[in-house]
Number of protein chains: 2
Amino acid sequence: MSSEPEILPSESSTVASEESGEKISKKAAKKEAAKLEKLRRRQEQEEAARKTASISLEDDEYSSNYGDVTLNELQSTPDPKAGKWREAVEGKEWTDVSDLVEEMVGSEVLIRGRVHTDRPVSSKLGFVVLRESGSTVQCVVSQSETNKVGTNMVKYLRQLSRESFVDVIGLVVLPKEPLKGTTQQVEIQVRKIYCVNKALAILPLSVEDAARSELDIEKSLQAGTPAARVNQDTRLNNRVLDIRTPANQAIFRIQCQVENFFREKLLSKGFVGIHTPKLMAGSSEGGSAVFRLEYKGQPACLAQSPQLHKQMAICGDLRRVFEIGPVFRAEDSFTHRHLCEFVGLDVEMEIRKHYSEVMDLVDKLFVFIFTSLNEKCKKELEAVGKQYPFEPLKFLPVTLRLTFAEGVQMLKEAGVEVDPLGDLNTESERKLGQLVLEKYNTEFYILHRYPKAVRPFYTMTCADDTLYSNSFDVFIRGEEIISGAQRVHIPEVLEQRSGECGIDVKTISTYIDSFRYGAPPHGGFGVGLERVVMLFCALNNIRKTSLFPRDPQRLAP
Amino acid sequence: MSSEPEILPSESSTVASEESGEKISKKAAKKEAAKLEKLRRRQEQEEAARKTASISLEDDEYSSNYGDVTLNELQSTPDPKAGKWREAVEGKEWTDVSDLVEEMVGSEVLIRGRVHTDRPVSSKLGFVVLRESGSTVQCVVSQSETNKVGTNMVKYLRQLSRESFVDVIGLVVLPKEPLKGTTQQVEIQVRKIYCVNKALAILPLSVEDAARSELDIEKSLQAGTPAARVNQDTRLNNRVLDIRTPANQAIFRIQCQVENFFREKLLSKGFVGIHTPKLMAGSSEGGSAVFRLEYKGQPACLAQSPQLHKQMAICGDLRRVFEIGPVFRAEDSFTHRHLCEFVGLDVEMEIRKHYSEVMDLVDKLFVFIFTSLNEKCKKELEAVGKQYPFEPLKFLPVTLRLTFAEGVQMLKEAGVEVDPLGDLNTESERKLGQLVLEKYNTEFYILHRYPKAVRPFYTMTCADDTLYSNSFDVFIRGEEIISGAQRVHIPEVLEQRSGECGIDVKTISTYIDSFRYGAPPHGGFGVGLERVVMLFCALNNIRKTSLFPRDPQRLAP
């Protein structure tokens, strides 16, 4: 349903074209993908049919060691005699798959995981790889003198559909040779296995396909045996399957950490986290990109940002505030970087005397976030990079600041003419990003003193030149990510500016009135959480960093 | 605009009736308040008129030491010669009012604060109390041999309206006797004073009135000289003034800390913070209390909770998730405890075998939050208690758990008959709270195994009795604050249950489908941030703990 064409494999596709997303033949790629998809589905259906073919499991002396857990047992029955699973797990604690390490060799463990892949070898030997979040471990069912399970257990193993949840009780052992296909380097000799919950035999997408690395797909194409690439709409339509891939598991853990580091730094600097209403009378910042609704008989809208209320919190003496919450934009933006609903990270603070105080904070805050991510999310960044290879972000210990005029000059010198009093378009921003990278060796920088005409009505004009404003944008890898400014705190000036910008002053009267009761000079900025993660990891689409994205064509799942 | 009548002073009002809010004569109280309000306004107008009467300030040799800061100076001009304020503050750092302590006596400081109160004594002596957040300090303007400011500075002081922002440069001194009216026990001998931003001379409410303690109001009533009490609608209509009171400054800092402690504990237990969409197709949990809107041509609604998506995150292998975000309820609830928009703290987690695992978390999490609040928010809790006296919450180190049936039995023994398969009403909940407090000495407890009929369709039925469910509510001071349960993770059962509950299965098909691809047993709970703060501090209205509350009649400011 997404509007942005997913880049699909084709002879001409390369990693480079994947990033720009505009050069390959879309038609050919789609056809190729459809063919692959068809083939894959047929294989899966055959596999599933084979599996669900009723395998008769006669009772044998080991039949209490395997089987399906009943609903009754899963309804939290306190009775350990309620079924064989209950009896088997009674008094036992579960071990996380990620905790299965060499030190545990020799001990019996109880683990729960999804059937990632399985491979019955013979009537007496079978393998199943269990997955818990991003971690995988190989489990072996075999009949031997010390492990007297019947052949029926191997048969039972065959019945298990991929993505089903199973509990395994078994012995931790060292495999004869290092395992390539699993994250954990020990193996489990299965003593008991129970299916906690069955997945459908035929799934809309295979997690293995969804997790395939871009490099592997490239290689397979070059080898003439193209591996399936799951397209973006299939992923998003079946997001609960898609987010099970190691890269996605990592992306949403990184996202959570960005938020944690953001909060940690701000709290340490005396900021207060607040929550402002998302339901408002009027429109939060004017413009047409606003969702409207009826609120108990009166017209209302969804906040396009916490802008007005975070400033009101400053007028209410909270001094330095931040907010993390949803932001709604009804824009018809069909790009790789726009969503109709995203998570805004917003900051507003008193200024003592210069708007550089706000830029100082941006500098310290984001250098802290980037450094912390690199230090504390190594595993996660690696998992993302395994599927979507990327270079670590280049940033300086103290963030580079250029004025807008300096940026315009750099572009001019590189032969790009832009309006010195207009805004930069996406292309010029990218170009400037390249120039800055070449000259200053950073992919993260601040551009400030924007022309007044391209900033919102509440932006403070420069003292020395009324054509410019005390505002800034911040860029990562050539894309704008943060917008900030000193705000107008004089009600009369606000009234005049909103009038000039075509906003009906009446609709924002409670906002303007807030500045009549004494208001400190102040400023702040806003940044999209999804964009931070997208650009830090150099991902090509913001839908990859939104758990359940909303764009002009997508309202589900 | 709020529907709930504010409790106003009257002869019959007592602190007890203030808490219940239902017993005093509302009409008499309103009349009384209106009279007081009128009187107060008149006084203020006279005062303001007196102030704004133009006081001619002839230039004297000290005129660079006081005056209004110009807009130009506040536009972040980099030029230190731009004005006398710029020149005066050049190279100086501001000290926070809360940092002004005895150790600083003898040093010169630069501080910024609001004019809290002022008192010109003579032509050569004047006082002004400056306030920054909840902290206040007395500043003295006097003419002496060592402090040669002219009498014009005292005149200038007189012009300053309350709530205006001023910068003061002065010497920290010890006052001759301890100060009663300020939080800081040092005084500032003013050398320079500049008005950074002027407040209107007449304000819609006085912060001093808004901050008056309930006890003082009681005393004043008993003494026959009633002090003004600002009613709730006046407060909420002018929230930017109202939140400047020490109690409100504390309330929103406590709220931020509740969130911090909530996150801290969950992150330490491996939970991932997520953000789910607030814009949805269909209605999130059925029912009529949903805000509807048009989303790019298709019908949509605002999420009544992150219920469905947080469960889908569990199906997506995030294992243990939490979310902090707005929740929208279009209910027509005109009570002290309902809002149309509030901040939901939501948790969802895999269950290994029993829903008590979820209650274990509730226990540990909230005992941690309460303990941490008591330890780390002493100053803030004191500030709240100063205006709204309350007893600390009584809670046990390990939270008491009772079954619903046990609760019903306790009520029965106390002579209160309730339907053993129905829900408790507010009155029975309060009564049970009292009984539990008497018997177990706790105001925080869990009531579980609720009748199935009163819980949502996605609640798991008990294994041993289909009339009951694996669900719980949690109470603070006799009021429900948390609802939680084990969820149905079997799609067929979900379909059946949603049908039984009158929900069109088609509208939640993406949700139900999520469980077809393998789903672990899981459970979770939700709690309102505003309610936690309200009940922890025994406040009588949830509007006190919402920064900009939204109720059926309030959509502004």
*Heavy-atom proximity to chain A below 4.5 Å, by part of B:Asn238*: side chain
*Out of curiosity, A:Asp317 CG to B:Thr245 OG1, how far, rounded to the nearest 0.5 Å?*
10.0 Å
*Working for side-chain contact (heavy atoms from CB on, under 4.5 Å), residues A:Asn197 and B:Ile490*: CA-CA 8 Å; A:Asn197 184 264; B:Ile490 317 285; 3.8 Å; yes
*A:Asn260 and B:Arg263: side-chain contact (heavy atoms from CB on, under 4.5 Å), yes or no, with the steps?*
CA-CA 9 Å; A:Asn260 291 340; B:Arg263 294 179 66 94; 2.6 Å; yes
*Which heavy-atom pair separates A:Cys256 from B:Gly273 by the least distance, and what is that distance?*
SG-N, 3.3 Å
*Is chain A contacted by the side chain of B:Val272, its backbone, both, or neither, given a heavy-atom distance below 4.5 Å?*
both
*Part of A:Lys198 within contact of chain B (heavy atom distance under 4.5 Å)*: backbone
*Checking side-chain contact (heavy atoms from CB on, under 4.5 Å) for the pair B:Arg112/A:Arg352: CA distance, chi angles, key distance, verdict?*
CA-CA 9 Å; B:Arg112 178 171 295 176; A:Arg352 295 303 195 181; 3.3 Å; yes
*Side chain / backbone / both / neither for A:Arg131 at chain B, heavy atoms under 4.5 Å*: side chain
*Heavy-atom pairs under 4.5 Å with chain B, option from A:Glu350, A:Gln257, A:Gln255, A:His354 with the top count*: A:His354
_Between CE on residue B:Met312 and CD1 on residue A:Ile243, distance to nearest 0.5 Å_ = 8.5 Å
*Using a cut-off of under 4.5 Å for heavy-atom pairs, which of B:Met460, B:Glu341, B:Arg516 has the most such pairs with chain A?*
B:Glu341
*Identify the heavy atoms of B:Leu547 and A:Ala313 that sit nearest to each other, and give their distance.*
CD2-CB, 4.4 Å
*Measuring heavy-atom distances to chain A, does B:Arg86 have an atom under 4.5 Å in its side chain, in its backbone, in both, or in neither?*
side chain
*asked:* Checking A:Glu259 against B:His275: is there a side-chain donor and acceptor pair closer than 3.5 Å?
replied: yes
_A:Glu294 versus chain B, the contacting section by heavy-atom distance below 4.5 Å_ = backbone
*Where does B:Tyr511 contact chain A at under 4.5 Å (heavy atoms): side chain, backbone, both or neither?*
neither
*Pick one of side chain, backbone, both or neither for A:Leu241, based on which atoms fall under 4.5 Å of a heavy atom in chain B.*
side chain
*Let me know if A:Ser76 has heavy atoms under 4.5 Å from chain B in its side chain, its backbone, both or neither.*
both
*Side chain from CB out, backbone as N, CA, C, O: work out which of these in B:Arg114 comes under 4.5 Å of a heavy atom of chain A, or both, or neither.*
side chain
_Segment of A:Val69 engaging chain B (4.5 angstrom heavy-atom cut-off)_ = neither
*Among B:Ser164, B:Ser514, B:Gly523, residue most engaged with chain A (heavy-atom pairs, under 4.5 Å)*: B:Ser514
_Worked check of side-chain contact (heavy atoms from CB on, under 4.5 Å) between B:Leu302 and A:Leu279_ = CA-CA 10 Å; B:Leu302 294 178; A:Leu279 287 166; 3.8 Å; yes
_Atom group of A:Cys462 that falls short of 4.5 Å from chain B, counting heavy atoms_ = backbone
*asked:* If the threshold is 4.0 Å, N to carboxylate O, is there a salt bridge linking A:Glu132 and B:Arg319?
replied: yes
*Quick one: which of B:Leu529, B:Thr461, B:Ile351 has the most heavy-atom pairs under 4.5 Å with chain A, could you say?*
B:Thr461
*Which answer fits A:Glu163, side chain, backbone, both or neither, if we ask what part of it has an atom under 4.5 Å from a heavy atom of chain B?*
both
*Give, for atom OH of B:Tyr355 and atom CD of A:Gln75, the distance between the pair rounded to the nearest 0.5 Å.*
11.5 Å
*Please name the pair of heavy atoms, one in A:Ala556 and one in B:Thr510, separated by the smallest distance, quoted to 0.1 Å.*
CB-CG2, 4.4 Å
_Heavy-atom pairs under 4.5 Å with chain A - which of B:Asp242, B:Asp513, B:Leu318, B:Thr77 has more of them than the others?_
B:Leu318
_Structural part of A:Gln311 lying under 4.5 Å from a heavy atom of chain B_ = neither
*Sort A:Arg244 into side chain, backbone, both or neither according to what part of it lies under 4.5 angstrom from a heavy atom of chain B.*
both
*asked:* Just verifying a value: how many Å separate A:Gln486 CD and B:Leu74 CG, rounded to the nearest 0.5 Å?
replied: 7.5 Å
*May I ask you to name which of B:Pro521, B:Pro557, B:Pro277 has the most heavy-atom pairs under 4.5 Å with chain A?*
B:Pro277
*Using non-hydrogen atoms and a 4.5 Å limit, figure out which bit of A:Asp464 sits close to chain B: side chain, backbone, both or neither.*
neither
_Atom group of A:Tyr517 that falls short of 4.5 Å from chain B, counting heavy atoms_ = both
*Lys/Arg-Asp/Glu bridge criterion (N-O < 4.0 Å) met for B:Lys353, A:Asp79*: no
*Closest approach of B:Gln249 and A:Gly316, non-hydrogen atoms and distance?*
NE2-O, 2.8 Å
*Output the option from B:Asp167, B:Thr276, B:Leu293 having the highest count of non-hydrogen pairs under 4.5 Å with chain A.*
B:Leu293
*Given that the side chain runs from C-beta out, which part of A:Leu110 has a heavy atom under 4.5 Å from chain B: side chain, backbone, both or neither?*
neither
_Nearest 0.5 angstrom please: B:Leu71 CG to A:Glu492 CD, how far?_
10.5 Å
*CZ/A:Phe548 to CG/B:Leu308 distance, rounded to the nearest 0.5 angstrom?*
10.0 Å
*asked:* Between B:Lys296 and A:Asp332, is the salt bridge (charged side-chain N to carboxylate O under 4.0 Å, His left out) condition met? List the steps.
replied: CA-CA 9 Å; B:Lys296 301 284 162 192; A:Asp332 282 322; 2.8 Å; yes
